[in-house]
Q: 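Before we start, here is the structure in question, set down as structure tokens.
Chain identifiers are assigned alphabetically (A, B, ...) following the order of the sequence lines, protein sequences preceding nucleic acid strands; residue numbering begins at 1 within each chain.
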There are 2 protein chains.
Amino acid sequence: MVQLTKEQKQLIEKIGIYHEQQGFPPATGRIIGLLYVSDRPHLSFEEIIDTLNISKSAASNALNLLLQMHLIEYITFPGDRKRYFGALLENWHEEVINKMDSILAFSKLLKQTNELRGNANPDMNQKVLERIEFLEFLSKEVPALLQKWIKERQQ
Amino acid sequence: MVQLTKEQKQLIEKIGIYHEQQGFPPATGRIIGLLYVSDRPHLSFEEIIDTLNISKSAASNALNLLLQMHLIEYITFPGDRKRYFGALLENWHEEVINKMDSILAFSKLLKQTNELRGNANPDMNQKVLERIEFLEFLSKEVPALLQKWIKERQQ
DNA sequence: ATTTTAGTTCTCAAAATTATGAACTAACGA
DNA sequence: TCGTTAGTTCATAATTTTGAGAACTAAAAT
């Protein structure tokens with residue numbers, strides 16, 4: 001059971017709400033919040049449920065979801081059956097790439113609208129095309145930006 | 001009532017699902033889908049509810065949400081009380097900017113986690129800081145990219 | 001003045017999501 | 001072997017979201 005200050009609790013809720021807006025269930029958002037806010041980098045299953053007052057099943061489902069999305073990791077220690085869960089802070093590369101993939105998937109749908117429309121409305125096709133091209137531009141340039149940033153850091 | 005082919009109907013559903021994943025209610029996603037797929041650039045309230053088989057209230061709420069988010073617009077004609085709703089295809093600038101704002105808001109929350117942590121875990125603070133800096137970098141560079149793209153287009 | 005139209009708002013029901021608590025499992029420990 | 005621990009899974013309850021249908025409003029049309 002982790003002892004938290006009022007500020008820490010409030011910040012966990014804010015981080016939770018942000019993640020809810022990104023599509024996560026409330027309990028999942030709070031777990032992420034706790035792992036971000038905690039002084040200790042890794043907390044056990046038990047500590048998480050005791051600290052957040054959530055059920056084992058909610059925690060189990062949330063942790064597995066977060067593991068699957070590579071937003072958290074767990075470590076273990078010899079002679080200790082527990083897993084210790086912590087935020088996976090280095091993996092936002094993947095997040096950015098995924099976001100770009102989703103944008104690219106949408107731009108493919110937009111392409112299909114133009115194809116289906118044929119030349120029934122050339123003006124609309126033109127506007128849609130512009131948007132498609134921007135989305136493709138973004139999907140190309142943002143990963144390039146990522147590389148640029150990594151390179152600048154390395155020096 | 002708009003007559004749609006099987007392909008058009010399927011594409012509307014796909015665009016609908018994409019928008020559901022972005023947090024919109026199903027009916028709202030379908031309206032966006034219809035307005036993207038339609039040959040005609042603007043459809044009346046009545047045409048929308050007849051074509052999609054949704055209730056007036058669902059349509060009313062969805063259209064107002066989409067208007068408020070600047071994802072659609074409506075036009076009117078003299079001597080015609082109806083509003084004709086159409087996709088607002090030029091406004092993705094705003095979407096990009098909003099997305100960056102939201103990312104920046106999150107990076108502020110991350111900053112707070114570091115502040116609250118003090119020097120209880122310098123290693124974690126360092127990793128969080130790296131992420132903050134990347135998010136800030138992104139929030140600066142993506143709008144710049146947008147400008148670059150606009151400039152290239154204008155020529 | 002009354003009716004029609006275009007849409008809004010309200011109430012409520014259906015559906016989907018999320019979380020609980022209990023039962024369960026598999027490994028470990030005594 | 002029997003109990004304990006660390007979590008998972010299941011049935012179900014609580015909550016939230018979404019949408020339908022009816023009642024309503026305000027402007028326009030007759």
Q: Could you pull out all residues at least two apart from B:Asn53 that satisfy side chain to side chain donor-acceptor pair (under 3.5 Å)?
A: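 With neighbours one apart ignored, the set is empty.
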Q: Polar atom pairs between nucleotides 25-30 of chain C and protein, under 3.5 Å, N or O only, would you list them?
A:
from, atom 1, to, atom 2, distance (Å)
C:dA27, N3, A:Arg81, NH1, 3.3

Q: Do B:Thr51 side-chain atoms and B:Val2 backbone N/O form a donor-acceptor pair below 3.5 Å?
A: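 The answer is yes, because a donor-acceptor pair under 3.5 Å joins these two groups.
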Q: Within residues 59-75 of chain B, which residues have any heavy atom lying less than 4.0 Å from an atom of DNA chain C?
A: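 Heavy-atom cutoff 4.0 Å gives B:Ser60, B:Asn64.
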Q: A:Leu52 has an atom CG; how far is it from atom P of C:dA19, in whole Å?
A: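 Between P of C:dA19 and CG of A:Leu52: 11 Å.
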Q: Verify, without hydrogens or angle tests, whether A:Asn114 (side chain) and A:Val128 (backbone) share a donor-acceptor contact under 3.5 angstrom.
A: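 Absent.
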Q: Under a 4.0 Å threshold between the charged nitrogen and the carboxylate oxygen, would A:Glu46 count as salt-bridged to A:Lys56?
A: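 No, no charged N to carboxylate O under 4.0 Å.
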Q: Just the endpoints, please: which first and last nucleotides of DNA chain D, 5' to 3', lie under 4.0 Å from a heavy atom of chain A?
A: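 Extent of the interface on DNA chain D: D:dT4 to D:dC10.
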Q: Give every residue pair that meets the side chain to side chain donor-acceptor pair (under 3.5 Å) criterion with at least one member in residues 26-42 of chain B, sequence neighbours excluded.
A: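 Residue pairs with at least one partner in residues 26-42 of chain B: A:Arg131-B:Tyr36, B:Glu13-B:Arg30, B:Arg40-B:Glu47, B:His42-B:Glu73.
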Q: Only counting residues at least two apart or in another chain, list the ones meeting side chain to side chain contact (heavy atoms under 4.5 Å, CB included) with A:Asn121.
A: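 Partners of A:Asn121 by the side chain to side chain contact (heavy atoms under 4.5 Å, CB included) criterion, ordered by chain and then number, come out as A:Arg117, A:Asp123, A:Met124, B:Pro41.
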Q: Any side-chain to backbone donor/acceptor pair from B:Asn91 onto B:Leu71? Under 3.5 Å, distance only.
A: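 No: the side chain of B:Asn91 does not pair with the backbone of B:Leu71.
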Q: Applying side chain to side chain donor-acceptor pair (under 3.5 Å), name anything that partners B:Arg81, two or more places apart in sequence or on another chain.
A: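 Checked B:Arg81 against side chain to side chain donor-acceptor pair (under 3.5 Å); zero matches.
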Q: Under 3.5 Å between N/O atoms: give me all the protein pairs with nucleotides 21-23 of chain C, atom names plus distance.
A:
from, atom 1, to, atom 2, distance (Å)
C:dG21, O6, A:Ser57, OG, 2.9

Q: Show the numbers, then the answer: is there a side-chain contact (heavy atoms from CB on, under 4.5 Å) between B:Phe45 and B:Tyr84?
A: CA-CA 7 Å; B:Phe45 190 90; B:Tyr84 294 85; over 6 Å; no
Q: Looking at residues at least two apart in the chain, or sitting in another chain, which of them share a side chain to side chain donor-acceptor pair (under 3.5 Å) with A:Ser57?
A: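 Side chain to side chain donor-acceptor pair (under 3.5 Å) list for A:Ser57, sorted by chain: A:Ser55.
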Q: How would you list, by chain and number, every residue that makes a side chain to side chain donor-acceptor pair (under 3.5 Å) with B:Asn119, sequence neighbours excluded?
A: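 With neighbours one apart ignored, the set is empty.
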Q: Considering only heavy atoms from C-beta outward, does the side chain of A:Leu138 approach that of B:Leu146 to under 4.5 Å?
A: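 Answer no - side chains too far apart.
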Q: B:Arg83 has an atom CZ; how far is it from atom P of C:dT5, in whole Å?
A: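 Spelled out: CZ on B:Arg83 to P on C:dT5 is 18 Å.
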Q: The test is side-chain contact (heavy atoms from CB on, under 4.5 Å); show your working for A:Glu141 and A:Glu136 and say whether it passes.
A: CA-CA 9 Å; A:Glu141 294 290 337; A:Glu136 285 177 348; over 6 Å; no
Q: Report the distance from atom CG of B:Leu34 to atom CD1 of B:Ile12, rounding to the nearest 0.5 Å.
A: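 B:Leu34 CG to B:Ile12 CD1: 4.5 Å, rounded to 0.5 Å.
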Q: Mind checking what makes ring pair (Phe, Tyr, Trp, His ring centres under 6.0 Å) contact with A:Phe134, not counting sequence neighbours?
A: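 Applying ring pair (Phe, Tyr, Trp, His ring centres under 6.0 Å) to A:Phe134 gives B:Trp92, B:Trp149.
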Q: Does any residue of residues 11-45 of chain B have a heavy atom under 4.0 Å from DNA chain D, and if so, which ones, in number order?
A: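 Heavy-atom cutoff 4.0 Å gives B:Pro25, B:Pro26, B:Ala27.
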